[in-house]
Amino acid sequence: MPDVVPFIDVRDDRAIVGAVEAVFFEASGRTFEPGPERDAFRERWLGRYLERWPELAFVLRGHALNRRIAGYLVGCLDNPAESPLFADLPYFETFAPLCARYPAHLHINLAPAFRGQGAGGLLIEAFAAVARRRGAPGLHVVTGAGARNVGFYGRAGFIEAGRTSWNGHDVVFLGRPLA
């Protein structure tokens, strides 16, 4: 089984940071040329978390014989509806009452070979343990209403608490209490 490692313990290893970015872009399903659009996408969904909250990020290393990065989780304990750092995501205005109940949020991606094996749950539980110790009342994720990851989050204890439209797509707010 893969093992979960705090990002802060390995963040000085350029190969690991590069591997996290590779999983990020692979999982996004989008192709980018190097440039401002790619940089902005990385910053929004990965970079700001690694730079501001490295102690809340985790990497998933593969099996003992293959130590490559199998996935990662980045997160924040701050309520995004109250933070100017997340003003670029206007759906948080709609979800403000829910963010008060479930302020901690996360983004998780796994390499395809590691999906469906329970490894993502290990990352979520590592983050949930830190969030709980620091007093967060709940976690949330926002994802596409029809995305395949909705089932994954349901198995990890998240429930649909809200729904809105963003950029022409329905998105759902999935919350999980920690208390």
Side-chain angles (χ1 to χ4, degrees), residues 1-30 42 44-80 98-99 101-161 171-179:
M1 177 61 90
D3 64 318
V4 174
V5 179
F7 177 73
I8 202 159
D9 292 349
V10 296
R11 70 178 170 173
D12 294 331
D13 185 331
R14 287 193 153 317
I16 289 178
V17 174
V20 166
E21 289 179 353
V23 169
F24 168 73
F25 283 111
E26 177 185 27
S28 78
R30 294 183 58 183
R42 181 203 177 274
R44 173 181 271 175
W45 304 114
L46 177 66
R48 64 175 147 201
Y49 296 93
L50 290 178
E51 292 157 17
R52 289 178 179 86
W53 305 286
E55 75 283 2
L56 298 174
F58 298 90
V59 295
L60 184 69
R61 291 192 298 200
H63 304 285
L65 297 176
N66 175 6
R67 303 309 289 167
R68 76 181 185 101
I69 298 302
Y72 69 88
L73 180 147
V74 292
C76 173
L77 302 183
D78 300 341
N79 180 336
L98 295 171
C99 289
R101 289 177 40 206
Y102 307 100
H105 57 284
L106 61 101
H107 298 278
I108 182 173
N109 282 305
L110 298 176
F114 290 90
R115 294 178 188 156
Q117 301 174 28
L122 295 175
L123 287 166
I124 287 178
E125 292 312 314
F127 179 72
V130 172
R132 188 178 295 111
R133 278 195 308 271
R134 293 196 182 176
L139 311 174
H140 80 266
V141 296
V142 177
T143 192
R148 101 181 130 73
N149 64 359
V150 172
F152 161 73
Y153 288 118
R155 290 185 297 279
F158 291 79
I159 57 163
E160 183 176 331
V171 294
V172 291
F173 182 105
L174 305 173
R176 175 180 158 182
L178 290 176

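Please read all numbers here as calculations on a predicted model, not as lab measurements.
Annotation: the span from I108 atom CD1 to T143 atom OG1 amounts to 11.5 Å, rounded to 0.5 Å. Rounding to the nearest 0.5 angstrom, the gap separating the CZ atom in R61 from the CG atom in D3 is 4.5 Å. The distance from the CD1 atom of I69 to the CZ atom of F7 is 9.5 Å, given to the nearest 0.5 Å. Once rounded to the nearest 0.5 Å, the distance linking CG of L122 with CZ of F127 reads 15.5 Å. To the nearest 0.5 Å, the span separating CG on L174 from OH on Y153 amounts to 8.0 Å. Rounding to the nearest 0.5 Å gives a distance of 12.5 Å between CZ of R101 and CG of N79.
Put simply, the side chain of F158 reaches to within 4.5 Å of the side chain of L139, judged on heavy atoms. No side-chain heavy atom of F152 sits under 4.5 Å from any side-chain heavy atom of V141. Between R11 and L50, the closest side-chain pair of non-hydrogen atoms is not below 4.5 Å.
By the 6.0 Å contact criterion, CZ on R14 is open, its count of non-hydrogen atoms from other residues, nucleotides or ligands being 12 or less. Residue R44 qualifies as enclosed at atom CZ: its count of foreign heavy atoms under 6.0 Å is above 12.
Shortest non-hydrogen contact noted between W45 and H107 is CE3-CE1, 3.3 Å. Heavy atoms only, all atoms of each residue included: A126 and F58 are closest at O-CZ, 3.8 Å. When every heavy atom of L98 is checked against every heavy atom of A161, the shortest pair comes out as CD1-O, 3.4 Å. Taking every heavy atom of both residues into account, G144 and V150 meet most closely at O-CG2, 3.5 Å. Residues L73 and L56 come closest through the heavy atom pair CD2-O, 4.0 Å. A pairwise comparison of heavy atoms in P177 and Y102 identifies N-CE2, 3.6 Å as the closest pair.
Between the side chain of R176 and the main chain of A156, a donor-acceptor pair closer than 3.5 Å is present.
With respect to the salt-bridge test (charged N to carboxylate O, under 4.0 angstrom), the residues E55 and R133 do not qualify.
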- [ ] List the steps and the verdict of side-chain contact (heavy atoms from CB on, under 4.5 Å) for L110 and L123.
- [x] CA-CA 10 Å; L110 298 176; L123 287 166; 3.8 Å; yes

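Residues forming a side-chain contact (heavy atoms from CB on, under 4.5 Å) with P80 (at least two apart in sequence, or on another chain): F86, F92, C99, H105, H140. Evaluation of the side-chain contact (heavy atoms from CB on, under 4.5 Å) rule for R148 yields R115 as partners, not counting sequence neighbours.
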